[in-house]
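First comes the structure, then the notes that go with it.
Keep in mind that what you see is a predicted model, and the values were worked out from it rather than measured.
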Amino acid sequence: MGGRNPGPGLPVAPDRPLGLLAGRRILLTVTGGVAAYKAAELARLMAKAGALVRVAMTEAARRFVAPLTFSSLTGQPVATGLWDRPGGLPAIPHVSWAEWAELLVTAPATADFLAKLAHGLADDLPSSLALAYGGPRLDAPAMNAGMFLNPATAANLATLRARGHRVLGSPEGPLACGTEGPGRMAEPGEIALEAARLISGGRLSGRRVVVTGGATREAWDDIRFLSNRSSGLMGRALAEAAWLMGAETLYLAGPAAAAPGPGLDGLSVARAETTADLLELAREALPGAWALLMNAAPADFAPETRARGKISKTGGDPPVLRLRRTPDILSSLSPLRGGTILVGFAAEEADLEARAADKLRRKGLDYVAADQAGGPESAFGSEAIALTLLSARGGRLPIGPGTKFRAAWELLSALASGWE
Ligand code: CTP
């Protein structure tokens, strides 16, 4: 696989996760299941992100969706028969397209087609292409639950996984045949993200990254709490970027923080209500992690007491809250860090870099990323951010302004390259 069809290289800091697909050559094989209609959305998402998407269809797939749908959505030729010359190309597609592609996505992958892949059959164009192709592959199975659970299918999937195919989970849910169970195709957005992950170089593969994001809450009765304005958008961007770089990623998020969609293998989300909960989750996750990116805005103060039920506003004076400090998570974890890289974030209203550098020292961090809080430049709740990354060794790296995903990608790239 390695070294074939070198692509245009790692795109530098895309604005959005699917921006990683820009300019990449993707072969999408569509086989004959009802989920073929969702493959049209997948083709659209990838083409919109700037990928060159060529589609190969089985005869059965053409009974569900017309080739014209795919050629219209991708602006690229669609191949259907072994002896086609799509787009007037001189060579037969199973040779030239297999050489051309950087990634082969099969969605939907029927039980029959998976069996053909597992056994190396090549009696039509998509199966011949699959046999001739030698690069990374992503399969999105879709079938009736009985077929999915059949040991024959399970064995075929195990064979394909052992050969390095990335096989997406088939979530449980209502199936087109009227039954419920596993066998549904993964959602197009999820497949496109997996494609982006497979194609983007895996700079952090084999590493575990823990990201925290969003605000925690400190309750003063069962209904009410103290919190802050952190949206979790930057935390989510960091988690997505780490995952897309191939890291096994854990995102520890406040209760209302923005989070990546479920279903991405290798990206888990756990919610923490209070600052003490977040400290516990982060402490458990720390051993062996390559980096902890502490982007959460933990509530710094908690009410000393918490009333049961809901304090009524009638009949009595308004309550007076006495506050106590919550634990400082980074300071608590820094003595336990082992080899984990600790990154703090500092949103400051004034003296940005001096205050951030002070936090870096006080909390025993390797890096701190400073940004402007308050005023028109504030990143709170915004899609955009400008950061200055400071290192314990005196390095200074301005990042952005740009989207939070771009900033997250640049920040992680700096860490991955050992920038100091
Ligand atoms: N942080 C933490 N535990 C807390 C509060 C903050 O680990 N209880 C982390 C944040 O996640 C961030 C860094 O410390 O990475 C800096 O947070 P910030 O709120 O800017 O700093 P504070 O320590 O709260 O200091 P100050 O209130 O003086 O700005």
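No donor-acceptor pair under 3.5 Å is formed between the side chain of Arg283 and the backbone N or O of Ile329. Using a distance-only test at 3.5 Å, with no hydrogens or angles considered, no donor-acceptor pair links the side chain of Thr153 to the main chain of Leu149. With hydrogens and angles ignored, the 3.5 Å screen pairs a side-chain donor or acceptor of Arg197 with a backbone N or O of Trp243. In this structure, the side chain of Asp328 engages the main chain of Ser331 through a donor-acceptor pair within 3.5 Å. Using a distance-only test at 3.5 Å, with no hydrogens or angles considered, no donor-acceptor pair links the side chain of Arg24 to the main chain of Gly50. The main-chain N or O of Tyr367 is never found under 3.5 Å from a side-chain atom of Ser391 such that the two would form a donor-acceptor pair. In terms of modelled atom types and a separation under 3.5 Å, the side chain of Glu194 and the main chain of Leu264 share no donor-acceptor contact. With hydrogens and angles disregarded, no donor-acceptor distance shorter than 3.5 Å links the side chain of Asn295 to the backbone of Gly214. Remark: side-chain polar atoms of Ser227 are not paired, donor with acceptor, to backbone N or O of Ala215 under 3.5 angstrom. In this structure, the side chain of Thr31 engages the main chain of Thr110 through a donor-acceptor pair within 3.5 Å.
Looking at heavy atoms from C-beta onward, Val343 lies out of side-chain contact with Leu365 at the 4.5 angstrom threshold. By the 4.5 Å heavy-atom criterion applied to side chains, Val105 and Leu42 are counted as neighbours. Side-chain atoms of Leu387 and Ile385, non-hydrogen and from C-beta on, do get closer than 4.5 Å to each other. When side chains are defined from C-beta on, Asp265 does not count as touching Leu168, because their heavy atoms never get closer than 4.5 Å. A 4.5 Å side-chain heavy-atom check between Leu238 and Phe345 finds at least one atom pair inside the cut-off. With a 4.5 Å cut-off on side-chain heavy atoms, Thr388 and Arg396 count as touching.
A salt bridge is defined here as a Lys NZ or Arg NE, NH1 or NH2 lying under 4.0 Å from an Asp or Glu carboxylate O, and Arg362 with Asp358 meets this definition. Residues Arg406 and Asp15 are paired through a salt bridge, judged by an N-O separation under 4.0 Å between the basic side chain and the carboxylate. At a threshold of 4.0 Å, the pair Arg322-Glu304 counts as salt-bridged, since one of the basic side-chain nitrogens sits closer than that to a carboxylate oxygen. Remark: Arg271 does not engage Asp277 in a salt bridge, criterion side-chain N to carboxylate O under 4.0 Å. A salt bridge does not link Glu349 to Arg355: none of the charged side-chain nitrogens sits closer than 4.0 Å to a carboxylate oxygen. Between Glu248 and Arg207 there is no salt bridge, since none of the side-chain N atoms of the basic residue sits less than 4.0 Å from a carboxylate O of the acidic one.
Side chains of Ser413 and Arg203: a donor on one and an acceptor on the other come within 3.5 Å. A donor-acceptor contact under 3.5 angstrom links the side chains of Glu218 and Thr275, judged on distance only. Side-chain polar atoms of Thr159 and Asn156 form no donor-acceptor pair below 3.5 angstrom.
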For this session: Report the C-alpha distance between Arg393 and Asp366 in whole Å, list the side-chain angles of each, state the deciding distance to 0.1 Å, and finish with yes or no for salt bridge (Lys or Arg N to Asp or Glu O under 4.0 Å).
Result: CA-CA 8 Å; Arg393 299 190 204 179; Asp366 299 292; over 6 Å; no

Exercise. What's the verdict on salt bridge (Lys or Arg N to Asp or Glu O under 4.0 Å) for Arg62 and Glu59, showing C-alpha distance, side-chain angles and the deciding distance?
Worked result: CA-CA 5 Å; Arg62 280 179 279 143; Glu59 197 199 327; 5.3 Å; no

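Note that the CG atom of Leu330 and the CG atom of Leu292 stand 6.5 Å from one another [nearest 0.5 Å]. A distance of 7.0 Å separates CG of Leu352 from CG of Asp371, quoted to the nearest 0.5 Å. Rounding to the nearest 0.5 Å gives a distance of 10.0 Å between CG of Leu73 and CG of Leu45. Residue Thr212 holds its OG1 atom at 10.5 Å from CG of Leu281, rounded to the nearest 0.5 Å. In this structure, CD1 on Ile191 lies 10.5 Å from CD on Glu41, to the nearest 0.5 angstrom. Note that the CD1 atom of Ile399 and the CG atom of Leu411 stand 4.5 Å from one another [nearest 0.5 Å].
Closest of all the heavy-atom pairs between Ala285 and Leu250 is CB-CD2, 3.6 Å. Between Val53 and Ala43, the closest heavy-atom pair is CG2-O, 4.3 Å. The shortest non-hydrogen separation linking Phe70 to Ala36 is CZ-O, 4.0 Å. Heavy atoms only, all atoms of each residue included: Leu397 and Ala414 are closest at CD2-CB, 3.7 Å. Nearest heavy atoms, Met57 versus Pro67: SD-CA, 3.7 Å. Contact record, Trp100 with Arg25: O-NE, 2.7 Å, taken as the closest heavy-atom pair.
The 12-atom threshold is not exceeded at CZ of Arg16, counting heavy atoms of other residues, nucleotides or ligands nearer than 6.0 Å. Residue-environment remark: CZ (Arg306) exceeds the threshold of 12 foreign heavy atoms within 6.0 Å.
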